[in-house]
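Here is the structure we will look at, set down as structure tokens.
Computed over heavy atoms, backbone and side chain alike; hydrogens, waters and symmetry mates excluded. What you see is a predicted model; the values in this text were computed from it and never measured.
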Amino acid sequence: MGLERVPAKTIVSGYSPGSQWFGINYNMNIYRGCCHGCIYCDSRSACYGVEDFDRVRIKDDALRIIRDDLRRKVKPGIVGTGAMSDPYNPFEEELLLTRHALELLAAYGFGASVTTKSPLITRDIDLFREIGEQSPILCMVTVTTPDDRLAALIEPHAPPPSQRLQAVKELSQAGVFAGVLLNPVLPFLTDSEENLLAMVQAVKETGARFLYSSLGMTLRMNQRDHYYQKLEERFPGLADRYRRTYGDRYWCAIPSEKKRWGLFARECDRLGLLYRMEDIIAASRAGYGSQQLSFFQE
């Protein structure tokens with residue numbers, strides 16, 4: 001497959017103790033760029049320096065670099081992937097780079113935290129179960145709305161939410177610790193009480209362990225301009241509403257955030273879904289020995 005290759009000296013980042021983002025200790029991004037076309041993506045931000053973000057590229061000699069990175073790690077830990085580029089983009093089905101990287105994590109005794117918008121994640125259930133036999137494993141599928149039609153406007157090239165929710169169901173049924181990221185929540189688009197309640201109900205029906213959300217979105221250089229341009233094309237007048245409401249603010253919490261959070265939390269409590277980060281991290285580590293877990297935290 002003729003994807004462009006980009007050079008990389010290292011892929012698995014340096015150790016970070018006590019991470020508050022799902023307890024991860026390392027980051028790993030095998031691909032650069034993303035082809036989902038999500039109009040809101042924070043990874044478009046200028047601070048990350050990813051040019052031509054909508055074009056997927058491969059980090060050259062990625063598997064050898066990952067192997068060497070893991071060999072050099074003094075501490076095992078949880079390796080997160082999916083923060084900057086979806087590890088299950090359409091090219092992964094043939095390339096198998098994410099799958100082979102998971103095999104390396106299993107071989108070297110590392111845990112994994114995987115984030116995606118693709119049902120292709122279910123292909124690697126066998127590896128998630130293998131990793132989970134010795135180290136914590138978390139699988140997270142991002143779903144911003146249960147409405148396939150709305151998702152087609154804001155995430156035009158990503159698989160529809162119905163397929164993503166089905167993937168969470170398959171992961172859960174296989175005994176993998178899995179849940180849903182409801183991030184971002186787009187003000188005036190996906191922040192209604194109806195959308196939040198529908199999301200909680202849909203996630204409950206998958207058998208997921210958790211539903212995490214921060215009830216807002218980021219907007220910064222490059223990302224903001226792109227987002228507003230797409231809003232003008234697909235939701236005329238809405239970009240002006242954002243400008244009036246948020247100005248140049250980085251963090252854009254949804255209107256009535258406290259009220260919406262109360263509604264969200266009560267519904268998650270009622271249905272038995274974890275939604276606080278500390279509870280999700282603790283639950284993902286339950287059942288692992290205290291000596292082993294001491295390697296995964298400060």
If you measure from the Lys or Arg side-chain nitrogens to the Asp or Glu carboxylate oxygens, is any gap between [X] and [Y] under 4.0 Å?
X	Y	result
D240	R244	no
R270	E267	yes
D42	R220	yes

Can you tell me if [atom1] on [X] sees more than 12 non-hydrogen neighbours from other groups inside 6.0 Å?
X	atom1	value
R149	CZ	no
E93	CD	no
R234	CZ	yes
R44	CZ	yes
E51	CD	no

Determine whether the aromatic ring centres of residues F177 and F210 are separated by less than 6.0 angstrom.
yes

Would you find a donor on one side and an acceptor on the other, under 3.5 Å apart, between the side chain of [X] and the backbone of [Y]?
X	Y	answer
R209	S172	no
D60	V6	no
Y212	G179	no

Nearest 0.5 angstrom please: [X] [atom1] to [Y] [atom2], how far?
X	Y	atom1	atom2	value
S135	L105	OG	CG	9.0 Å
R123	S118	CZ	OG	9.0 Å
L186	L215	CG	CG	11.5 Å
S113	I78	OG	CD1	7.0 Å
T115	Y88	OG1	OH	11.0 Å
Q166	L171	CD	CG	10.0 Å

Please test Y250 against L219 for side chain to side chain contact (heavy atoms under 4.5 Å, CB included), starting from the C-alpha separation and ending with a verdict.
CA-CA 5 Å; Y250 163 63; L219 281 177; over 6 Å; no

Residue set satisfying salt bridge (charged side-chain N to carboxylate O under 4.0 Å, His left out) with D126, at least two apart, ordered chain then number -> R99

If hydrophobic clusters are built from ILVMFWY residues whose side chains come within less than 4.5 Å, do I30 and Y108 share one?
yes

Would Q229 and H226 count as a side-chain hydrogen bond (donor to acceptor under 3.5 Å, both in side chains) here? Give the steps.
CA-CA 5 Å; Q229 177 187 341; H226 180 86; 5.1 Å; no

